[in-house]
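Encoded as structure tokens, the structure appears first; notes follow it.
A note on names: the letters A, B, ... follow the listed sequences, proteins ahead of strands, and every chain is numbered from 1. Note that this is a predicted model, so its numbers are computed, not measured.
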Protein chains: 2
Amino acid sequence: MSLRKFEYFLAIAEEGSLSQAAAKLHIAQPSLSQQLRALERHVGGPLFERLSRGMRLTPTGRAFLPHARAAVRSADRAYGVARAVATGDAGEIEIATVSSIAAGILPQVLRTWHERRAGSAVRLHEFHHRNLLEQQVHDGLGDLAIGPRPSSWDGPVLSLGHEEFVVVLPATAAARHPGGVALGDLADRDWVLFGQEHGLNDLVHAACTLEGFQPAPAVRTWQVDAAARLAAAGVGPALLPDNALPAGLDAEVRPARPRLFRELTCYLRGEPQGLVREFVALLRQSPLGLRDHRPEGGRAIGLAPTDT
Amino acid sequence: MSLRKFEYFLAIAEEGSLSQAAAKLHIAQPSLSQQLRALERHVGGPLFERLSRGMRLTPTGRAFLPHARAAVRSADRAYGVARAVATGDAGEIEIATVSSIAAGILPQVLRTWHERRAGSAVRLHEFHHRNLLEQQVHDGLGDLAIGPRPSSWDGPVLSLGHEEFVVVLPATAAARHPGGVALGDLADRDWVLFGQEHGLNDLVHAACTLEGFQPAPAVRTWQVDAAARLAAAGVGPALLPDNALPAGLDAEVRPARPRLFRELTCYLRGEPQGLVREFVALLRQSPLGLRDHRPEGGRAIGLAPTDT
DNA sequence: GTCTAGGTATAGGCATTGCCTAAGTGAATC
DNA sequence: GATTCACTTAGGCAATGCCTATACCTAGAC
């Protein structure tokens with residue numbers, strides 16, 4: 001049953017002698033003899049022939065040898081790899097997040113991460129709603145979560161700064177909105193909204209409700225960048241986090257008025273270990289490369305448990 | 001250190017719960033908890049995260065898992081294979097023999113063996129002298145020896161019958177020797193002999209000495225079938241075991257007069273186990289497919305410790 | 001033949017390990 | 001707030017593993 005017996009067996013096979021193997025293993029010779037006997041009893045036949053000046057493998061022993069070696073090697077590797085991961089030298093981490101962040105901010109961080117630690121892959125889980133994210137991570141999915149501040153959390157929560165929500169309109173509409181865009185001015189437009197159970201949908205609705213209207217849908221989508229492109233194409237205004245806008249979008253992008261912010265955080269179930277600790281440290285150094293707009297001048301949204 | 005810990009780890013990872021894994025392993029749950037802790041201490045970090053309703057792999061655990069699985073599999077396989085060999089269901093055996101037998105009789109036996117147990121390969125060690133064979137096998141080479149009866153042996157020795165020595169001459173010489181060929185008649189010929197340290201050389205010399213002459217060499221070889229072909233080509237007479245003659249040899253082959261026999265045996269260092277036992281059983285059933293000539297009417301040679 | 005040397009097996013003692021039962025803790029649920 | 005579920009801690013007991021000392025066997029030397 002014990003790996004030690006395997007190692008003992010290998011040592012005997014290698015040395016061709018019980019006593020020499022015992023010396024190499026730093027144990028007494030009778031102990032080795034005992035262990036070998038036990039192993040042979042378990043196998044059901046002798047593994048070595050006892051010659052007058054040493055031990056020689058029987059056919060049984062020869063058959064046993066390569067697999068025993070493989071077992072010991074695998075075990076060593078298991079310990080080695082696990083230790084490497086535990087100390088943060090290698091491994092793979094799972095990040096759970098909401099889709100707006102996966103599409104928007106994360107790529108920059110992951111590029112930095114990949115440059116620093118080429119060996120360690122990242123697995124990404126995306127959710128469409130902050131509540132779902134929070135619940136799934138709480139239930140054990142992923143090693144860390146990146147998303148809006150969780151509503152109730154007993155593990156560590158690290159603030160990554162705030163992202164601002166912007167209104168996206170066709171490029172031609174630029175002149176009409178030199179500063180920000182008052183949401184109320186768009187009350188009777190048909191909007192580019194998100195799917196009913198998408199976190200950003202709840203959020204847009206909450207913002208509009210505060211301005212005293214319910215946005216009517218021109219179209220609904222589940223893709224953040226699709227929403228941006230639809231708005232740019234003139235389907236209707238969209239309200240999006242600035243960091244989630246696709247690069248090179250041909251559109252007029254203006255802060256909402258009143259200004260709207262959402263705090264982003266990284267949260268975990270427990271104290272981070274190994275690679276996760278490293279990743280969190282990276283986040284702490286450069287908070288997602290986030291353009292952090294202070295929420296002083298504006299309204300912070302996204303704190304109620306029902307939005308993204 | 002223990003493989004059991006690996007199995008425990010795998011069970012927990014599979015079940016996602018310590019208590020369920022304990023039930024599956026038929027041990028108490030606290031015992032599992034203890035073992036896991038010990039394993040984690042050894043690895044240097046937690047392998048599982050403790051959630052409120054179960055265990056979840058940490059990145060360390062995820063890294064550990066595949067190697068642990070491989071280790072357990074290899075160990076299982078090691079036991080399985082060894083047991084199979086111990087019971088004679090599979091494996092590989094090493095046979096040590098002298099070259100005249102390897103060239104002559106063994107192929108038939110090995111073909112039968114291969115037909116019966118296609119999975120089990122045979123490794124062959126050939127020696128040029130029975131003394132060398134006996135010494136090497138005594139010192140641990142091979143699982144069994146097939147050769148002339150050993151001069152001093154304390155393990156089992158199984159007689160396989162006798163082979164007769166024949167004189168090989170060119171086909172044209174046939175008429176002159178209707179029955180056997182008296183060695184003395186060839187006393188002044190130049191012989192096809194074997195290398196000085198070859199077992200058959202000693203043997204031919206012993207036989208000729210008994211007839212009162214020393215054979216002069218026309219040529220010396222180390223290959224039994226080369227000797228037969230040289231003799232057939234008329235280089236000189238050769239004295240060979242009949243079973244070692246190559247098939248389809250175009251020559252006159254006659255028994256020596258006086259008739260000369262050599263006993264062949266199978267001998268081992270100890271009681272045969274598993275496959276070796278099977279092989280010995282096969283030998284016992286069909287003694288090498290040997291044409292067994294009774295030595296009654298002739299002289300048995302090859303019993304002194306100096307010939308093959 | 002006796003003796004010595006090299007190598008493995010057996011015996012008995014002691015510390016460690018592994019498993020058990022019983023009780024404790026913490027979170028989720030009714 | 002009581003109950004349930006799941007893991008952890010604590011303490012006892014049997015089994016395992018290693019040790020020293022001794023016995024046994026073979027081979028080689030005197």
As a test of reading the structure: which of [options] is closest to the side chain of [X], going by heavy atoms?
X: A:Met55; options: C:dT8, C:dA28, D:dT20; answer: C:dT8
X: A:Arg50; options: D:dC7, D:dA27, C:dA9; answer: C:dA9
X: A:Ile27; options: C:dG18, D:dC19, D:dG17; answer: D:dC19

Using a cut-off of strictly less than 4.0 Å, decide whether [X] has a side-chain nitrogen or oxygen near OP1 or OP2 of [N].
X: B:Ser19; N: D:dC7; value: yes
X: A:His138; N: C:dA28; value: yes
X: B:Ser17; N: D:dC7; value: yes
X: A:Arg4; N: D:dC18; value: yes

For residues [X] and [Y], report the shortest heavy-atom separation together with the two atoms involved.
X: A:Ser74; Y: B:Ala70; result: OG-CB, 3.6 Å
X: A:Gly142; Y: A:Arg269; result: O-NH2, 2.7 Å
X: B:Pro272; Y: B:Leu268; result: CB-CD2, 3.8 Å
X: A:Ala63; Y: B:Val85; result: CB-CG2, 3.5 Å

Specify the separation, in whole Å, of atom [atom1] of [X] and atom [atom2] of [N].
X: B:Gln20; N: D:dC5; atom1: CD; atom2: C1'; answer: 11 Å
X: A:Leu18; N: D:dC24; atom1: CG; atom2: P; answer: 19 Å
X: B:Arg269; N: D:dT26; atom1: CZ; atom2: C1'; answer: 15 Å
X: B:Leu51; N: C:dT25; atom1: CG; atom2: C1'; answer: 17 Å
X: B:Lys5; N: C:dT17; atom1: NZ; atom2: P; answer: 9 Å
X: A:Gln29; N: D:dA23; atom1: CD; atom2: C1'; answer: 12 Å
X: A:Glu40; N: C:dT8; atom1: CD; atom2: C1'; answer: 12 Å
X: A:Glu15; N: C:dG7; atom1: CD; atom2: C1'; answer: 14 Å

Listed partners of A:Arg37 passing side-chain hydrogen bond (donor to acceptor under 3.5 Å, both in side chains), at least two apart: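 For A:Arg37, no residue satisfies side-chain hydrogen bond (donor to acceptor under 3.5 Å, both in side chains) once neighbours in sequence are set aside.
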side-chain contact (heavy atoms from CB on, under 4.5 Å) partner of A:Arg149, the single match among A:Leu264, A:Leu158, A:Val157: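 That would be A:Val157.
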According to the interplanar angle, ranging from 0 to 90°, do the rings of B:His128 and B:His198 count as parallel (below 30°), tilted (30 to 60°) or perpendicular (above 60°)?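 Tilted, since the angle between the ring planes falls between 30° and 60°.
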Heavy atom of residues 30-38 of chain A under 4.0 Å from DNA chain C: which residues?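 Contacting residues: A:Pro30, A:Ser33, A:Arg37.
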Mind checking B:Phe48 for me? I need base, sugar-phosphate or nothing, with any heavy atom below 4.0 Å counting as a touch.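 No contact at all - B:Phe48 keeps every heavy atom at 4.0 Å or more from the nucleic acid.
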